[in-house]
Amino acid sequence: MKDPGSAFDDPILGKDPQPKHMKDFVQTFDDNDGVHINSGIPNHAFYQVATRIGGHAWEKVGRIWYDALRDDR
């Protein structure tokens with residue numbers, strides 16, 4: 001969550017392709033239109049908010065995140 005795209009840099013596998021910013025969003029038909037490859041973007045956003053607000057994730061940021069994900073508007 002802290003640094004998506006840094007999980008590996010391997011001579012055979014290459015560099016971890018997961019982006020952490022929308023400017024690097026991967027457009028693909030693979031992986032259900034990139035749901036997993038692009039998951040670093042919201043994960044990184046959560047990490048940034050959580051480290052700024054502090055506390056336990058389930059008390060503050062987790063509740064905000066959960067409510068936002070469930071909002072049908």
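- Within the structure, salt bridge (charged side-chain N to carboxylate O under 4.0 Å, His left out) contacts touching residues 31-60 (residues at least two apart or in different chains) do not occur.
- The 12-atom threshold is exceeded at CZ of F8, counting heavy atoms of other residues, nucleotides or ligands nearer than 6.0 Å.
- Annotation for M1 and H44: closest pair O-ND1, 3.2 Å, computed over non-hydrogen atoms.
- Other residues, nucleotides and ligands contribute at most 12 non-hydrogen atoms within 6.0 Å of the OH atom of Y66.
- With contacts defined as side-chain heavy-atom distances shorter than 4.5 Å, the pair P19/I41 qualifies.
- Listed by first and then second residue, the salt bridge (charged side-chain N to carboxylate O under 4.0 Å, His left out) pairs that reach into residues 1-22 are D3-K20, sequence neighbours excluded.
- Here the shortest heavy-atom pairing between A45 and W65 reads CB-CH2, 4.0 Å.
- Considering D30, T28, V35 in turn, V35 is the only one that fulfils the side-chain contact (heavy atoms from CB on, under 4.5 Å) rule with N32.
- The same ILVMFWY cluster, assembled from side-chain heavy atoms under 4.5 Å apart, contains both I53 and F46.
- With sequence neighbours left out, the side-chain contact (heavy atoms from CB on, under 4.5 Å) criterion links T51 to Y47.
- The shortest heavy-atom contact between G40 and P4 is O-CG, 3.4 Å.
- Here the CD atom belonging to Q27 is positioned 8.5 Å from the CG atom belonging to N38, to the nearest 0.5 angstrom.
- Taking every heavy atom of both residues into account, P42 and S39 meet most closely at CD-O, 3.2 Å.
- Under the 4.5 Å side-chain heavy-atom criterion for ILVMFWY residues, no single connected hydrophobic cluster contains both L69 and M22.
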